[in-house]
Amino acid sequence: MEQDLLCKIPGPLLAWYDKNARVLPWRQDPQPYYVWVSEIMLQQTRVEAVKPYFDRFITALPTVAALAEAPEEQLLKLWEGLGYYNRVRNLHKAAKIVMENYHGQLPADFETLLTLPGIGKYSAGAIASIAYGIPMPAVDGNVLRVTARVLASEEDITKEQVIYDISSRLQKILPRDRVGDFNQALMELGALICLPVGKAQCLLCPLRHLCRGYEQGIYMELPKKAPKKQRRIEDRTVFVIISQQRVLIAKRGEKGLLAGLWELPNTQGAMDETQCREYLFLRGAKINKIVSLGKAKHIFSHVEWHMTGYGVYLEEENFPWEDAVWASARELGESYALPTAFKAYTGQIKKLLCE
DNA sequence: AACGCGGGGTC
DNA sequence: GACCCAGCGTT
């Protein structure tokens, strides 16, 4: 094989990183627990979105021990709005394992990190290199985009083989004295300069002189990715059910979409007010009044909810709904984790309670 | 290898 | 609208 083009990256990349690295909360003091929490939060999530969540999480749960002992309700509340809620459930499981099997110390070993729930190849490499200086690559979407462009590679970067190939080539060229910085620098370049789809800032790029994608004028077409599956649309009718100045909320199941979070009672289909009244009556509701709350849309990665909302005033709190509890407005804000999907309706609760 | 799993930013 | 993002676990 020819001398790997990638081996020319570290020098100029690290020089650039030394001048341009962002100041990030988990970078100030890269102790293993902080790096771990940040890497889990950063999975498929932008730095700017993570920042406030990270600070709040670390303040509430400063150590692995505190995390392991925290009730799941508190964890979901701290994660509320960040998405991919299985991440925090896995983080919790892993913290318990770390307490029981590793004396509360996050293992300083790539293969062992890989066995912990929520830690895959990328995260194991990131934690090992950043927290412990272990020479393992951390190949995420940024790294794949940067390397595909530098190499002018038209391979589909979602293929496992491509990720494996880039990983092994990067491992060979990791500067042994700065492995964590190198991995972060590659990602930082992807996040600040080598931006996706037509936003690349090549004139500011420290790798421009060796980038074949730039040289050949094809960087804007890279990286190649297989098209994503189309989202399906789901119609749902959402109820803000009120009685005695409290709102009915229900706990979702332990598996699937928004697992373990609380939600406004809702059901399949887009009902009009008459259907809505009929449906609730058949379930045993004694309805005082129904008001329309309008339509709302929420887009998940794989499904789109088209919601029709109603405010429903009951004569009494006696109304059977599976896994439901009555909550005051204050409790709703402080104690229960509700997904963003219901924001259009939860935002109207205060007003509805005044009527 | 394909799929389910959030939410927000950008053009 | 479409695309993308410091991915992982399940099937």
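Values below: every heavy atom of this structure, side chains too, minus hydrogens, waters and symmetry copies. Every value quoted in this text rests on a predicted model; they were computed, and no experiment measured them. Every chain is numbered from 1, with letters handed out A, B, ... down the list of sequences.
One cannot find a donor-acceptor pair under 3.5 Å joining the base of dG4(B) and the side-chain atoms of S301(A). Below the 3.5 angstrom threshold, one finds no donor paired with an acceptor across the side chain of R87(A) and the base of dC8(C).
Using a 4.0 Å heavy-atom cutoff across all strands shown, N86(A) reaches no nucleic acid atom at all. Residue contacts for T340(A): at a heavy-atom cut-off of 4.0 Å it reaches the sugar-phosphate backbone alone, with no base atom in range. L24(A) comes within 4.0 angstrom of a nucleotide base, judged by non-hydrogen atoms across all strands. Within 4.0 Å (heavy atoms only), F300(A) reaches sugar-phosphate atoms of the nucleic acid but no base atom. Residue G81(A) is classed as a sugar-phosphate contact, given heavy-atom separations below 4.0 Å to backbone atoms only.
Here D235(A) does not pair with K295(A) in a salt bridge; the nearest charged N to carboxylate O distance is not below 4.0 Å. Checked for salt-bridge contact, K286(A) and E317(A) miss the test: no charged N lies under 4.0 Å from a carboxylate O.
Rounded to an integer number of Å, the gap from CD of E160(A) to P of dT11(C) is 18 Å. At whole-Å resolution of the value, CG in N183(A) and P in dA6(C) are 14 Å apart. When the P atom of dG4(B) is taken as reference, atom OH of Y85(A) falls 19 Å away, rounded to whole Å. What separates CZ of R46(A) from C1' of dG6(B) is a distance of 13 Å, to the nearest Å. Rounded to an integer number of Å, the gap from K51(A) NZ to dG8(B) C1' is 15 Å. Following rounding to the nearest Å, I163(A) (CD1) and dG7(C) (P) show an atom-to-atom distance of 11 Å. Atoms NE2 (H302(A)) and P (dC5(B)) sit 4 Å apart, rounded to a whole Å. Put simply, CD on Q43(A) is 17 Å from P on dC5(B), counting in whole angstrom units.
The same atom, C1', is picked in dC5(B) and in dC5(C); the two are 14 Å apart, to the nearest Å. Comparing the same atom, P, in dG6(B) and in dT10(C) gives a spacing of 14 Å after rounding to whole Å. Between dC11(B) and dA6(C), the two C1' atoms lie 23 Å apart (nearest whole Å).
When the side-chain nitrogen and oxygen atoms of H298(A) are compared with OP1 and OP2 of dG6(B), none of them lie within a distance under 4.0 Å.
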message: One pair to check against ring pair (Phe, Tyr, Trp, His ring centres under 6.0 Å): F319(A) and W326(A). What are the steps and the verdict?
response: CA-CA 10 Å; F319(A) 174 58; W326(A) 292 95; 7.7 Å; no
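Just one of K77(A), R89(A), H92(A) meets the side-chain hydrogen bond (donor to acceptor under 3.5 Å, both in side chains) condition when paired with E72(A); it is R89(A).
Between Q161(A) and A259(A), the residue anchored closer to the 5' end of DNA chain B is Q161(A), taking for each the nucleotide with the nearest heavy atom.
Side chains of K297(A) and W305(A) form no contact here, defined as non-hydrogen atoms less than 4.5 Å apart.
Closest to the side chain of R145(A), out of dG6(B), dG7(B), dC4(C), is dC4(C).
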